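None of the values given here were measured: they were computed from a predicted structure.
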Amino acid sequence: MVARRFRPITLVTVKKVHGALDDKEVPSFQTVMAHVTEVNGAQLQNDLFGKQYTMTWIARVRGNVSAKYVFYPRLGVENKYVNKRSYLTVIQIRKHANRTDIYFAKDTGVTSDELEQ
């Protein structure tokens, strides 16, 4: 199977709504086309993030965007019904002149003594 590199991803931003009794987080979704590259290898991940992850990706998106989470959209499933366990955590966002690089991972990072943080 050949993995497509130019594929849709959904960016999730979270806005905090202040209520009378408590605060509520409301997600908003934006689906964009991105050039997605897998980043594996301990030394490369240490150079980029200072940690190691099981699986990491870089999504290069045109324009100035931001996100707290990323997920791959599924056909026939609305964004608001996607399980939060499918969300991939954004590690880092780098902004350039006409594009944004979003670094995201599948799990938490591990340190050199193999303890999850």
Residues 10-35 side chain polar contacts: donor-acceptor under 3.5 Å, at least two apart:
residue, atom, partner, partner atom, Å
Thr10, OG1, Thr31, OG1, 3.1
Thr13, OG1, Ser28, OG, 2.5
His18, ND1, Asp23, OD1, 3.1
His18, ND1, Asp23, OD2, 3.4

Show me the side-chain donor-acceptor pairs of residues 55-84 shorter than 3.5 Å, one per line, residues at least two apart or across chains.
residue, atom, partner, partner atom, Å
Thr56, OG1, Val39, O, 2.3
Thr56, OG1, Gln45, NE2, 3.2
Asn64, OD1, Lys95, NZ, 2.5
Asn83, OD1, Arg85, N, 3.1

_I need the Tyr53 OH to Thr89 OG1 distance, nearest 0.5 Å._
8.5 Å
*For the residue pair Asp101 and Ile93, establish whether any side-chain heavy-atom pair is separated by less than 4.5 Å.*
no
*asked:* Apply side chain to side chain donor-acceptor pair (under 3.5 Å) to residues Arg94 and Thr100 and explain how you reach the verdict.
replied: CA-CA 6 Å; Arg94 294 183 182 173; Thr100 304; over 6 Å; no
